[in-house]
Asks: 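Pasting a structure here, questions to come.
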Amino acid sequence: MKKIAIFDTTLRDGEQAAGCRLGVVEKLKLAHQLAELGVDVIEAGFPCSSPEDFNAVQTIARNIKGPTICALSRAVMADIDACGQSLQEASQARIHTGIGVSDIHISGKFRDDKYGKTLEEKKATTIQMAVAAVKRAKEYTDDVEFYTEDAGRADPFFLFEIIEAIIDAGVTVVNVPDTTGYAVPSRYGKLINDIQKKVPNISKAIISVHCHDDLGLAVANSLAGVENGARQVEGTINGIGERAGNAALEEIIMALRTRYDFYQIDTQIQTKEFYRTSRMVAEAMGMSIPPNKAIIGANAFSHSSGIHVDGFLKERQTYEIMQPADVGFPQSKVILTARTGRHGVFHRIAELGMDLSAKDSDKIYQRFLNVADKKNEIFDEDLVAIMNDEIRNQPESCVLYSFQAHCETGKSPQVTVQLKFEKNRVEKSAKGDGPVDAAYKAISKIIGFSPKLLRYEIQAVTQGTNALGKVMVHIEHDQVKVIGKGASTDIIEASIKAYIDGINKLKGMGI
Ligand code: KIV
Ligand code: ZN
């Protein structure tokens, strides 16, 4: 059985994502979780970059047992010494050193004549620096990985030459990074294949792939590398990292696992830990996960359209290639919207324990569509109300037409709400402590009574600043308590919808 090693660089390359910074405590917490996930190597940081990162690597090396703990350096003696010192207490330590190998990197970074006057001279100096770095790293640990930075754009013949030299110097893992995300899968796969054919001493080291996502190809390139003989894959959780990020480890590993028939390659990853790890990383980095993100996005196991819901409910595998439980996801979900279709709606009604007699079903479904056209998502509470309303054939007494909110620093917000209320179009304005308070006061003026707000809860259903906000209100009037719910990307609108939803329920109960 073929196995590949998983090298996680969330704490080093992932942390290089714009706006992200992790302290020692956060790094240690994530390192514990990465160990639970079962990664083979944790790249804990770049010790020379700051005393705090040195401390973080040292703390992880001291406390995390199981994975190899790795630290990054340039091909600079002081960097390598910082790695060696920070890793002293690791049970298994690796130093990851390296240098730029593409012509662009060599001529761009080594402009000074001290590196040589011509590109050829500068390349020779690059090899000398690489070999010297490996030898220095070997003084601290046997396990030395070398990154041939920007290998994706390098002259392949120079790449083969430098790889041969560093393996002779004692490198055990050769990293072939596509630093700028320039590679395409077939070319990158061929490069990995050619390294095995053209570097005479390659059997003394394993090849590692490290791909960036500038063209959205990081995962595809990594898999092409694995297909062509790489035996270590580097990446980050949620694909975070410099610019467009690194290859997302959860995607690579689930591709290998789901398409085992094709790759026939194993890892030792506990995939059930993906969901938890992903949420922890998102929270620590302050980088939310897009809902449609493969494997761990909120919608990754949600079904909504009629055809899909119908098929999924009959046989899960019609629209799911993985089980949510395999990645630690709570469960597959059917999101009820206007596109869900009868089967999905009736299935949920039955799950809620409600009896849907055949003669009601067309009306119920019509009523569902009317409500669903006005709302983004239909909740269980709505279904209960739909069922009750339909049985009583009760029209909604309150419908939101529009609202305007005016908020200004230092002034009380003012909100104007226009409702259809008992067949009339009515508009009222009110000021309040906040825009939601003002809106609820305006609505109370329209309906002629003020339900007591017992509880107000807001929750982001999806991620990001355009997240769908779900508001739930518990309101009471004349000792009758109801729950109202509303969803919108605008939280004031979601709040108004929730309040109106509650009011309609009160009205439906004869208030
Ligand atoms: O992308 C890259 O080349 C890197 C190296 C430092 C390994 O992150
Ligand atoms: Zn990188």
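As the structure is a prediction and not an experimental result, all values here were calculated from the model. In what follows, residues are counted from 1 in the order of the sequence shown. For ligands, and for the atoms within them, numbers begin at 1 and follow the listed sequence.
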Asks: Is the Y115 ring parallel, tilted or perpendicular to the F110 ring (thresholds 30°, 60°)?
Replies: tilted
Asks: Output the list of atoms in ligand 1 that are nearer than 4.0 Å to some heavy atom of D13, sorted by atom number.
Replies: 8 (O)
Asks: Which residue supplies the protein heavy atom nearest to atom 1 (O) of ligand 1, what is that atom called, and how far is it?
Replies: H212 NE2, 3.0 Å
Asks: Just by distance, no angles: are the side chains of Q232 and H210 close enough, under 3.5 Å, to form a donor-acceptor pair?
Replies: no
Asks: What's the atom name of the N, O or S in D13 nearest to the Zn ion (ligand 2)?
Replies: OD2
Asks: Run through D13, T10, T9 and flag the one making a side chain to side chain donor-acceptor pair (under 3.5 Å) with N246.
Replies: D13
Asks: Which atoms of ligand 1 are found less than 4.0 Å from any heavy atom of N175?
Replies: 7 (C)
Asks: Suppose we measure from atom 4 (C) of ligand 1 to each protein heavy atom; which comes out shortest, and what is that distance?
Replies: H210 NE2, 3.5 Å
Asks: Looking at ligand 1, does any of its N/O atoms fall within less than 3.5 Å of an N/O of T179?
Replies: yes
Asks: Taking distance alone, with N or O pairs closer than 3.5 Å, would you say H96 contacts ligand 1?
Replies: no
Asks: For ligand 1, find out whether one of its N or O atoms is nearer than 3.5 Å to an N or O atom of E149.
Replies: no
Asks: Return yes when atom CD1 of I491 has more than 12 non-hydrogen atoms of other residues, nucleotides or ligands closer than 6.0 Å, and no otherwise.
Replies: no
Asks: If you take the centroid of each ring, where Trp contributes its six-membered ring, are F329 and F301 closer together than 6.0 Å?
Replies: yes
Asks: Is it the side chain, the backbone, both or neither of R12 that has a heavy atom closer than 4.0 Å to ligand 1?
Replies: side chain
Asks: Heavy-atom distance to atom 5 (C) of ligand 1: which of Y147, F46, F7 wins?
Replies: Y147
Asks: Using distance alone, with no hydrogens and no angle criterion, decide if D40 and Q268 have a side-chain donor and acceptor under 3.5 Å apart.
Replies: yes
Asks: Using distance alone, with no hydrogens and no angle criterion, decide if T271 and R257 have a side-chain donor and acceptor under 3.5 Å apart.
Replies: yes
